[in-house]
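Shown next, in structure tokens, is the structure this report addresses.
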Amino acid sequence: MTQQPTYVLIPGACHGAWCFDELAATLRAAGHRVLAYTLTGVSERAHLADRGVNLQTHIDDVVAALAADAADEPLVLVGHSYGGMVITGVVDRLRAPERVVAAVYLDAFVPRDGESCWMLTNDEQRQWYSDVDASGFGVPAMPFFDPRASAHPLASLMQRITLRADLSAIGERIYVFAAGWEGSPFAPTHRRLADDPTWTTYALPGGHNLMRDCPDDLASIVGAAGRGDQRH
């Protein structure tokens, strides 16, 4: 019997694992094992923030957690927004990247070697990144974010990712675009991947917070990841 994958959920900037509560509950109700992580220096882990927390810190967070929580299990990695940077780095650093049966990018960055969030986003987002708080290294949560959101470490948004390989070891590569966000910085990424036959892409009619705006469609897409039956 084929071992069922463990779902690993990584939030975007300023958010904690709680942003996946509804999605995680739906997946668990369907019998899946789900792990959701809050990254160093963010939300309930904001007390760990300092100017040295960067993208590599967050990749290390997840690699270390998986070594403890899911050492030999097949994985479906799910990253929202900034979380796409993290799961890309995780795949690259796993000792056995073929364990990743699917990577699901939820309106997320999909970096290539040497790229950063700063490089991949638009001027509006760059202005947000630049408007740091009094610490000098925290990007404040937007006023409309969940009250549990916190400032996000600036260095993680500026650091370029270093990749030793491409994503070809992943069984499935899935991109879910939030088509309801006018002026989305992720539109170029969606267009690029929609033309790539190695990717399966979706466009849902919600805003950037797809977990809130399109929970049923999202749960269906994520829940099917790793089975090899996705459709464009």
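Excluded from the calculations below are hydrogen atoms, water molecules and symmetry mates; all remaining heavy atoms, backbone and side chain alike, are included. Since the model is a prediction, treat every value here as computed from it, not as a measurement.
- Counting heavy atoms from C-beta outward, D61 and R45 have side chains that approach closer than 4.5 Å.
- The closest donor-acceptor contact from the side chain of D213 to the backbone of G207 lies under 3.5 Å.
- Residues T162 and R93 approach most closely at O-NH2, 2.9 Å, considering heavy atoms.
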Tell me, with the steps shown, if T88 and I161 meet side chain to side chain contact (heavy atoms under 4.5 Å, CB included).
CA-CA 9 Å; T88 302; I161 197 167; 4.3 Å; yes
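- Within the 4.5 Å cutoff, side-chain heavy atoms of H58 are placed close to those of V53.
- Q127 and D131 form no side-chain donor-acceptor contact under 3.5 Å, judged by distance and modelled atom types alone.
- Between V110 and R173, every side-chain heavy-atom pair lies at or beyond the 4.5 Å cut-off.
- Not counting sequence neighbours, the partners of Y7 by the ring-ring contact (aromatic ring centres under 6.0 Å, His included) test are H32.
- Side-chain atoms of N54 and S156 form no donor-acceptor pair, as typed in the model, at a separation below 3.5 Å.
- Here the closest non-hydrogen pair linking L106 and V78 is CD1-CG1, 3.5 Å.
- No donor-acceptor distance shorter than 3.5 angstrom exists from the side chain of H80 to the backbone of F20, with no hydrogens or angles considered.
- Of the residues listed (L39, I10, T121, V42), the one engaging Y82 in a side-chain contact (heavy atoms from CB on, under 4.5 Å) is L39, and it is the only one.
- At least one side-chain heavy atom of L66 sits under 4.5 Å from a side-chain heavy atom of L75.
- With no hydrogens or angles considered, no side-chain donor-acceptor pair links Y175 and D196 at under 3.5 Å.
- Side-chain atoms of H15 and S43 form no donor-acceptor pair, as typed in the model, at a separation below 3.5 Å.
- Classification of R212 and E22 as a salt-bridged pair fails, no side-chain N sitting under 4.0 Å from a carboxylate O.
- A donor-acceptor contact shorter than 3.5 Å is absent between the side chain of E73 and the backbone of T6.
- Two residues are said to be in side-chain contact when any heavy atoms from C-beta on lie closer than 4.5 Å; P74 and Q3 meet this criterion.
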Could you check E172 against W199 for side chain to side chain contact (heavy atoms under 4.5 Å, CB included), going step by step and ending with a plain yes or no?
CA-CA 7 Å; E172 287 185 77; W199 284 79; over 6 Å; no
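- Contact annotation: the side chain of C117 approaches that of M85 to within less than 4.5 Å [non-hydrogen atoms, C-beta and beyond].
- M142 contributes atom CE, which lies 8.0 Å from atom SG of C14 (distance to the nearest 0.5 angstrom).
- In terms of heavy atoms, A49 sits closest to F137 at C-CE1, 4.0 Å.
- Using modelled atom types, one finds no donor on one side chain facing an acceptor on the other under 3.5 Å when comparing Q159 with S116.
- T189 and Y105 form no side-chain donor-acceptor contact under 3.5 Å, judged by distance and modelled atom types alone.
- Taking CE from M119 and CZ from R160, the interatomic distance works out to 4.5 Å, rounded to the nearest 0.5 Å.
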I would like to know whether H208 and S184 meet side chain to side chain contact (heavy atoms under 4.5 Å, CB included); could you show each step before the answer?
CA-CA 8 Å; H208 185 49; S184 169; over 6 Å; no
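- Counting only distance, with no hydrogens or angles, the side chain of R33 and the backbone of P5 share no donor-acceptor pair below 3.5 Å.
- Residues H190 and Y202 come closest through the heavy atom pair NE2-O, 3.9 Å.
- Between W181 atom CH2 and L204 atom CG the span is 15.0 Å, to the nearest 0.5 Å.
- Here the side chains of V8 and Y37 are in contact, with some heavy-atom distance below 4.5 Å.
- Contact between A103 and I170 at its shortest, heavy atoms only, is N-CG2, 3.6 Å.
- Side-chain contact between L9 and V34 is present, with heavy atoms from C-beta onward closer than 4.5 Å.
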Go through V90 and V100 one step at a time and tell me if the side chain to side chain contact (heavy atoms under 4.5 Å, CB included) criterion holds.
CA-CA 10 Å; V90 169; V100 182; over 6 Å; no
ring-ring contact (aromatic ring centres under 6.0 Å, His included) between F109 and F186: does it pass, once the steps are laid out?
CA-CA 7 Å; F109 294 105; F186 299 104; 4.8 Å; yes
